[in-house]
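Following: one structure in structure tokens, then a few remarks.
Source: prediction; values computed, not measured.
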2 protein chains.
Amino acid sequence: MGTLADHIEAYIKRMLQNSENRSIELSRAQLADVFSCVPSQINYVLATRFTLERGYIVESRRGGGGYIRIAHVQVEDDLTHAVNLLKGIGSQLSEQRMESILAHLRDLGLLSPHQCRLIRGIVQQESSSISQGKDVLRASLVRALLFYIIESES
Amino acid sequence: MGTLADHIEAYIKRMLQNSENRSIELSRAQLADVFSCVPSQINYVLATRFTLERGYIVESRRGGGGYIRIAHVQVEDDLTHAVNLLKGIGSQLSEQRMESILAHLRDLGLLSPHQCRLIRGIVQQESSSISQGKDVLRASLVRALLFYIIESES
DNA sequence: ACAGTTAAGGTCAGTAATAGTCAAAGAAAG
DNA sequence: CTTTCTTTGACTATTACTGACCTTAACTGT
């Protein structure tokens, strides 16, 4: 189950886990070969799943000896980082940004898959019951729930 | 007897029963095919019978490899009273009503003083940032936070 | 140095595969 | 007969994947 993109994502995350310093360097063409797909599929995975918002930095170089470097950034203390993420939520929050934030916190190990699902479900239920201002309500709900979780687990 | 929607509901519930961890993943189009109906019928069944209030979490993804995932989360008997209390919160919630709900739950031993303070703080923070519809936001926030707490403690 | 060749990676638009929404029509219940 | 629930389908939105074409860097022979 899961799409090709999901598998490539998992593969890269495994590599990051096994790496020394949460950063890896790989060859786009080789990786594409491993999964028997076109090289641009790798770009697709990187663009959709390894964004800065989710806590990843991707660098690359073309030409001979080219490479793609992926790092899972972790500057500060996880909790501080999470709190800053929450502060960064403004007065509105799209579904997409919510997903990025949840994915980010899950990658940091601060949220379990079950917690993510519960949050999604609650937010969906609540926001489906109003016709206007869904993004505003979502911002409040996500901030509230995540703040509660972070606060009561620390 | 029973409508098509009833049969689909029963079918999904059977699948959940037979599943490992009370959660299943299915394809909307395939399921619609099984019952020879239009795909949107599935959405109708999900929207009317598999709500969070009834203890179901529904997630989905569109696009290639899309899916619908349904999980049944059940709360312990002690908590059904609390869940009913939550259902009773309508689309608006005044501060007074919120206070009486919190007091009630604290008396039942379902909320600690610390949790009550935390909830009050979060609700106050969030509702102070908007000028209109405070009671509407409060209803959503309290429902969300209490549902989360009840669910994750059972 | 320079030009040409080779070896990477990047972009973008198009296609396919899903699921969601909404309003209108139909059926059932009161 | 009116109201509520069910069913349908046309239209919309999202996600995945591919391939043709573009850009950049290193190497190589003269």
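- Look at OH on A/Y67: it is 13 Å from C1' on D/dA26, rounded to the nearest Å.
- B/I68 comes within contact range of the sugar-phosphate backbone alone, with a heavy-atom separation under 4.0 Å but no base atom that close.
- The two atoms that bring B/L111 and B/R106 nearest to each other are O-CG, 3.1 Å, heavy atoms only.
- Around the CD atom of B/Q92, the shell of radius 6.0 Å holds more than 12 heavy atoms that belong to other residues, nucleotides or ligands.
- In this entry the distance linking CD of A/E95 with C1' of C/dA19 reads 12 Å, nearest Å.
- Where B/L46 and B/G64 each meet DNA chain C at their nearest nucleotide, the meeting point lying more 5' is that of B/G64.
- Considering only side-chain atoms of A/D6, the nucleotide from D/dT18, D/dT6, D/dA16 that sits closest is D/dA16.
- Between A/Q96 and the phosphate of D/dT15, there is a side-chain N or O to OP1/OP2 separation shorter than 4.0 Å.
- Residues B/Y44 and A/S36 both approach DNA chain D. Their nearest nucleotides, taken by heavy-atom distance, put B/Y44 toward the 5′ side.
- Using a cutoff of 4.0 Å between basic side-chain nitrogens and carboxylate oxygens, A/E53 and A/R97 are scored as salt-bridged.
- Residue A/L4 is classed as a sugar-phosphate contact, given heavy-atom separations below 4.0 Å to backbone atoms only.
- The distance between atom CZ of A/F50 and atom P of C/dG9, rounded to the nearest whole Å, is 16 Å.
- Across the protein-nucleic acid pair, B/Q41 atom CD and C/dG20 atom P stand 14 Å apart, rounded to whole Å.
- Between the axis at the start and the axis at the end of the helix from C/dA1-D/dT30 to C/dG30-D/dC1 there is an angle of 10°, using five pairs per end and rounding to 10 degrees.
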* Kindly determine whether A/K13 and A/F50 satisfy side chain to side chain contact (heavy atoms under 4.5 Å, CB included), including the steps that lead there. => CA-CA 10 Å; A/K13 285 186 175 168; A/F50 293 87; 4.0 Å; yes
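- As judged by a 4.0 angstrom heavy-atom cut-off over every strand, A/T48 is placed among residues making no nucleic acid contact.
- Between B/N43 atom CG and C/dC22 atom C1' the separation is 11 Å, expressed in whole Å.
- Ring geometry, B/Y56 versus B/H72: the interplanar angle falls under 30°, so the pair is classed parallel (tilted spans 30 to 60°).
- The CG atom of B/D33 sits 12 Å away from the P atom of C/dT18 (whole-angstrom rounding).
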* To do: For salt bridge (Lys or Arg N to Asp or Glu O under 4.0 Å), just list the numbers for A/E126 and B/R143, CA-CA rounded to whole Å, side-chain angles, deciding distance to a tenth of an Å, and then say yes or no.
  => CA-CA 9 Å; A/E126 290 299 328; B/R143 233 189 336 257; 2.7 Å; yes
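- No contact: A/E99 has no heavy atom under 4.0 Å from any strand.
- Atom-to-atom, CG of B/L31 to P of C/dA19 comes out at 10 Å; the value is rounded to the nearest Å.
- At a cut-off of 3.5 angstrom, the base of D/dG9 holds at least one donor-acceptor pair with the side chain of B/S40.
- In this view, B/I24 and B/I12, B/M15, B/L16, B/S19, B/L26, B/I70 satisfy the side chain to side chain contact (heavy atoms under 4.5 Å, CB included) rule, not counting sequence neighbours.
- Position along DNA chain D of the nearest nucleotide to B/R49 versus A/V38 favours B/R49 as the more 5'-ward residue.
- The two residues B/G2 and B/H7 make their nearest non-hydrogen contact at O-CE1, 3.6 Å.
- Among the protein residues, B/G66 comes within range of the sugar-phosphate backbone only, with heavy atoms under 4.0 Å from sugar or phosphate atoms but none that close to a base.
- The CD1 atom of A/I42 sits 15 Å away from the C1' atom of D/dG19 (whole-angstrom rounding).
- Residue side chain A/S60 does not reach the base of C/dG10 through any donor-acceptor N/O pair under 3.5 Å, judged by distance alone.
- The shortest distance between the side-chain N/O atoms of A/R61 and the OP1/OP2 oxygens of C/dA7 is not below 4.0 Å.
- Taking 3.5 Å as the limit, the base of D/dT15 and the side chain of B/R62 contain no donor-acceptor pair of atoms between them.
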